[in-house]
2 protein chains.
Amino acid sequence: MTGGKPRASGRVSLAQAEDHSLDAFLQLMRVQQKLQRQMERVLDGAGLTLPQFDVLANLGMVEGITQQELAERLLVTKGNVCGLLDRMEAAELVQRRPDPKDRRANRLYLTRVGRAALQAAFPTHLGVVQECMSVLSGAEQRTLAQLLGRLDVGD
Amino acid sequence: MTGGKPRASGRVSLAQAEDHSLDAFLQLMRVQQKLQRQMERVLDGAGLTLPQFDVLANLGMVEGITQQELAERLLVTKGNVCGLLDRMEAAELVQRRPDPKDRRANRLYLTRVGRAALQAAFPTHLGVVQECMSVLSGAEQRTLAQLLGRLDVGD
DNA sequence: TATTGTTATACTCTATAACTATA
DNA sequence: TATAGTTATAGAGTATAACAATA
């Protein structure tokens with residue numbers, strides 16, 4: 001966001017205590033946007049949107065969760081998930097099954113088609129990710145993941 | 001994306017050469033999503049969407065650019081920018097002025113209202129950013145910005 | 001009363017592609 | 001021919017809020 005790749009200011013400073021929060025934030029938004037667009041292009045070939053791929057990837061890891069649980073994982077509202085699932089169920093990618101123990105809830109499962117779509121899309125997705133991240137060393141990638149992980153708290 | 005906060009695997013490894021690209025990628029997508037939602041909530045109080053704030057912030061830095069230049073900065077299409085500007089012009093936030101030297105082009109300017117909106121929203125925005133990023137030291141923020149900057153290259 | 005899911009509403013953003021005017 | 005901008009089309013995703021069924 002706030003376009004234009006941030007660059008180092010001309011003024012060199014020796015101080016460690018400077019605030020770089022805005023730099024980091026802008027760069028984060030910008031890089032994510034680029035990566036997201038790229039992922040969308042890749043997934044488009046598989047007929048999937050990014051949120052749909054996220055649903056598949058989540059169910060690939062933890063099948064049988066409820067819609068509410070999925071909503072929490074995706075960081076969206078339950079109404080949102082409902083529409084998302086409507087479209088994906090129409091595309092035969094996922095299946096809602098009533099929970100026998102709690103008749104309010106649905107348990108979510110991949111269909112055969114959904115599993116195939118995930119298995120087809122994931123390697124390509126991973127390949128693109130690895131290629132994008134390959135400008136960083138493994139250690140740098142780890143550092144990046146750790147720093148981001150520290151930001152991934154609360155709320 | 002692909003919900004569930006990634007965590008260190010139980011298996012401890014001494015190798016430096018491991019690939020952490022997916023970890024970093026997932027964490028990047030996830031953190032950005034959280035930050036974006038938070039920014040949207042903040043901006044909603046000012047009646048702005050995130051893309052609209054981006055337009056204001058860009059024009060605040062480099063007024064007089066063309067729609068095409070703005071599209072490139074925002075990493076979106078020109079058709080997209082056109083609609084965005086339609087809404088923002090209707091809200092009196094920005095103004096299109098025909099370029100006298102190139103009668104195909106428009107030059108973009110903030111209105112008084114747009115400038116006021118930017119000046120009102122920016123400090124709050126910055127405050128939220130600083131608060132979010134405050135779990136990292138200044139040096140860590142710098143490292144994060146630098147690592148991300150390395151990822152921010154050609155498409 | 002609280003929770004799960006659904007529905008209704010509404011809007012922004014996004015892309016693609018065809019089109020106009022100008023360079 | 002190429003570029004700047006517009007328009008038309010289309011759809012997904014998102015939120016909010018009110019509603020139903022169940023716990």
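In what follows, chains carry the letters A, B, and so on, assigned in the order in which the sequence lines appear, proteins first and then strands, with residues in each chain numbered from 1. Keep in mind that this is a model prediction, so the values were computed, not measured.
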Exactly one of A:Arg107, A:Arg115, A:Arg97 clears salt bridge (charged side-chain N to carboxylate O under 4.0 Å, His left out) with A:Glu63, and that residue is A:Arg115

What is the separation between atom CG on A:Leu75 and atom P on D:dA15, rounded to the nearest whole Å?
10 Å

Roughly, in whole Å, what's the span from CD in B:Glu69 to P in D:dT3?
14 Å

In whole angstrom, give the distance that lies between atom CG of B:Leu50 and atom P of D:dG13.
19 Å

D:dG13, C:dC13, C:dG5: which one has an atom nearest the side-chain heavy atoms of B:Asn80?
C:dC13

Heavy atoms under 4.0 Å, any strand shown: does B:Val81 hit a base, just sugar-phosphate, or nothing?
nothing

Between B:Gln141 and B:Leu136, is there a donor-acceptor pair closer than 3.5 Å when you use the side chain of the first and the backbone of the second?
yes

Presence of A:Asn106 side-chain N/O under 4.0 Å of C:dG5 phosphate oxygens OP1/OP2
no

Tell me whether the OP1 or OP2 atom of D:dA4 has a side-chain N or O from B:Arg96 closer than 4.0 Å.
no

With a non-hydrogen cut-off below 4.0 angstrom, is B:Gly83 in contact with a base, only sugar-phosphate, or nothing?
nothing

For a quick check of understanding: with a heavy-atom distance under 4.0 Å over all strands, which category does B:Glu40 fall into, base, sugar-phosphate or nothing?
nothing

So that I can tick it off, tell me whether B:Arg104 and B:Asp102 are bridged by a salt bridge, with the cut-off set at under 4.0 angstrom between side-chain N and carboxylate O.
yes

From the options C:dT6, C:dC13, D:dT6, select the nucleotide whose nearest atom is closest to the side chain of A:Lys78.
C:dT6

Among C:dG5, C:dT14, D:dG5, find the nucleotide with the atom closest to the side chain of B:Pro51.
C:dT14

Among C:dA23, D:dA12, C:dT14, the one nearest any side-chain atom of B:Arg104 is C:dA23

Residue B:Thr66, side-chain heavy atoms: nucleotide from C:dG5, D:dG5, D:dT16 that is nearest:
D:dG5

A:Arg37 near the nucleic acid: base, sugar-phosphate alone, or nothing, with a heavy-atom cut-off under 4.0 Å?
sugar-phosphate

Measuring to OP1 and OP2 of D:dT22, would you say a side-chain N or O of A:Arg103 lies under 4.0 angstrom away?
yes

Counting N and O atoms only, with roles assigned by atom type, does the side chain of A:Gln67 sit under 3.5 Å from a partner on the main chain of A:Val81, one being a donor and the other an acceptor?
no

Check every atom of D:dG13, D:dT7, C:dG5 against the side chain of A:Gln68 and return the nucleotide holding the closest atom.
C:dG5

Atom pair distance, as rounded to whole Å: CZ in B:Arg87 and C1' in D:dT6:
14 Å

D:dA12 phosphate, OP1 or OP2: any side-chain N/O from A:Thr49 under 4.0 angstrom?
no

d(CG, B:Leu84; P, C:dC11) in whole Å
17 Å

Flag the pair A:Glu18 and B:Arg142 as a salt bridge only when some basic side-chain nitrogen lies within less than 4.0 angstrom of an acidic carboxylate oxygen.
no

Using atom CG of A:Asp86 as one end and atom P of D:dA12 as the other, report the distance to the nearest whole Å.
12 Å

Distance below 4.0 Å between A:Gln67 side-chain N/O and C:dT6 OP1 or OP2:
yes

Please work out whether the ring planes of A:Phe25 and B:His125 are parallel, tilted or perpendicular, with thresholds of 30° and 60°.
perpendicular

Considering only D:dA4, D:dG13, C:dT14, which nucleotide approaches the side chain of A:Gln52 most closely?
D:dG13

Identify which nucleotide among D:dT22, D:dT16, C:dG5 has an atom closest to any side-chain atom of A:Asp102, counting heavy atoms from C-beta outward.
D:dT22

Using whole Å, what does the distance between atom P of nucleotide D:dA4 and atom CG of B:Leu108 come to?
13 Å

For A:Gln95 and C:dG5, give me the distance from atom CD to atom C1', rounded to whole Å.
17 Å

